[in-house]
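Each chain gets a letter, A, B and so on, in the order the sequences are listed, and its residues count up from 1. These numbers come from a predicted model, not from an experiment.
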Amino acid sequence: MIKVTGLKKSFGDLEVLKGIDEHIKKGEKVVIIGPSGSGKSTFLRCLNLLEIPTEGEILIEGECITDPKTNVNKIREKMGMVFQQFNLFPHLSVKDNITLAPMKVKKVTKEQAEEKARELLEMVGLADKADAYPAQLSGGQQQRIAIARALAMEPDIMLFDEPTSALDPEMVGEVLQVMKNLADAGMTMVVVTHEMGFAREVGSRVLFMDGGYILEQGTPEEVFSNPQNDRTKEFLSKIL
Amino acid sequence: MNDFISRVMDTFVTEGRWEWFVSGLGYTMLITLFAVILGCIIGVLMALMRLSKSKILRAVSGVYIDVIRGTPTMVQLLIINFVILAPINVPAWIIGSVAFGINSGAYIAEIVRGGILSVNIGQTEAGRSLGMTSGQTMRHIIMPQAMKNILPALGNEFVVLIKETAVVGMISNIDLVGAARKVQGRTYDYLVPLLSIAAIYYVVIKIISLLLNKLEQGMRKADKR
């Protein structure tokens, strides 16, 4: 579903990704962990071209997205993204946040888009907030809306960029629960996170990144209980 | 004292001259209004060009902004009146509106550009990640937020323009300054007509500033919803 070969990304002189090869299959829940500055967010952002790779090739459902001729917008329709800072549209109500893209991009009718929004709000447990504005909501609520907004485009893949890092501790659970439900429903997910509990429970595969490389990967069981790489051991000993 | 009262009477009452001031103020406001509308259209266009990926578009708007801001408004007005629009017969208020609109567009472009840049980059990323084009993202997500941020600066530009349009007197007598000059031509009195239009400008600008302040406060309150 996602096939990455020889992916490199530099910002000026700084090489953040130094060569990533990775194959993510349909239905997998891949959790990326690693110290800050290891390149995990950059890797995730390359997958939907929010960062343009310097080198390498990315295939999404067989389509080469690093080819300049590819219609980036079409690819992005298939991939929802959830950001650390939520990035809800502050000038629009919750309902309009969710219906905007389906109406403008997929040309769905207003009625259909709103019906879908209602379903999604129900799913994330915020059916009563349809007419609220983002500033009236807590961080956890905003992030759940952001997930609903991404799902409204009916993506095949969901990307999560540290979705709980900007939240107060007591709100982390509600967001993780929504993500867990999504995982149980069979969504293909790539999650950058510091929530090791979530990685262990929901991840089907864990990637450990440091210094622009994927240093180790395996099932959560393998990586957490029996890490092979010294950097992985060191990282895990600090956070577990 | 009697002398002063008779000068006031001569300025406003004789021949129904107060109507000159009313019509002059009307033209001043008309020119300002059209200039602001034209200025906003040009300003948004130039700001978008300035931020576009195309080198040519960036250069065109760069030169436009640079030249307009680097030459006096009065010279621009004279060039448009006596050179560019000279061959066709256009009413003075339209020439004034066009000249001040073109002038104001350069300043509004910089205001709008600042407003667009003030919107968090995460908003663009969120829009694009949902599959929206850069145009759709700009129109539905960035612009509404940018416009809200720059409304105070735009209001200020409107107030500045009301005063600037006094320069239109260089090409015609239709505006408020023109009314004072027509009176001077009849009465040879400078003091009363000039102080009168100064007072009129002041009051009009005061009222508009207060209205703009109210509007801004209202919008700030809406933010705290």
Is the count of non-hydrogen atoms from other residues, nucleotides or ligands lying under 6.0 Å from [X] atom [atom1] greater than 12?
X	atom1	answer
A:Lys74	NZ	no
A:Glu122	CD	no
A:Phe86	CZ	yes
B:Arg58	CZ	yes
A:Lys26	NZ	no

B:Glu125 portion near chain A, given a 4.5 angstrom heavy-atom threshold |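 Both backbone and side chain of B:Glu125 come within 4.5 Å of chain A.
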Within-4.5 Å side-chain heavy-atom neighbours: [X] and [Y]:
X	Y	result
B:Lys148	A:His91	no
A:Phe89	B:Pro144	no
A:Leu100	B:Leu130	no
B:Arg128	A:Asn73	yes

Is a side-chain donor or acceptor of A:Asn48 paired with a backbone partner of B:Ser129 at a separation under 3.5 angstrom?
->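 Flag not set: sc A:Asn48 to bb B:Ser129 has no pair under 3.5 Å.
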Check whether any side-chain N or O of A:Gln85 sits under 3.5 Å from a backbone N or O of B:Gly122 as a donor-acceptor pair, and report yes or no.
->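 Side chain of A:Gln85 to backbone of B:Gly122: no pair is present.
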Using heavy atoms and a sub-4.5 Å threshold, report which of residues 155-183 of chain B line up against chain A, by residue number.
->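 Checking residues 155-183 of chain B against chain A gives no residue, so none.
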Can you tell which part of [X] gets under 4.5 Å to a heavy atom of chain B, answering side chain, backbone, both or neither?
X	result
A:Met79	backbone
A:Arg149	both
A:Glu77	both

Chain B: which of A:Leu159, A:Leu88, A:Val82 shares the most heavy-atom pairs with it under 4.5 Å?
->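 Heavy-atom pairs under 4.5 Å are most numerous for A:Leu88.
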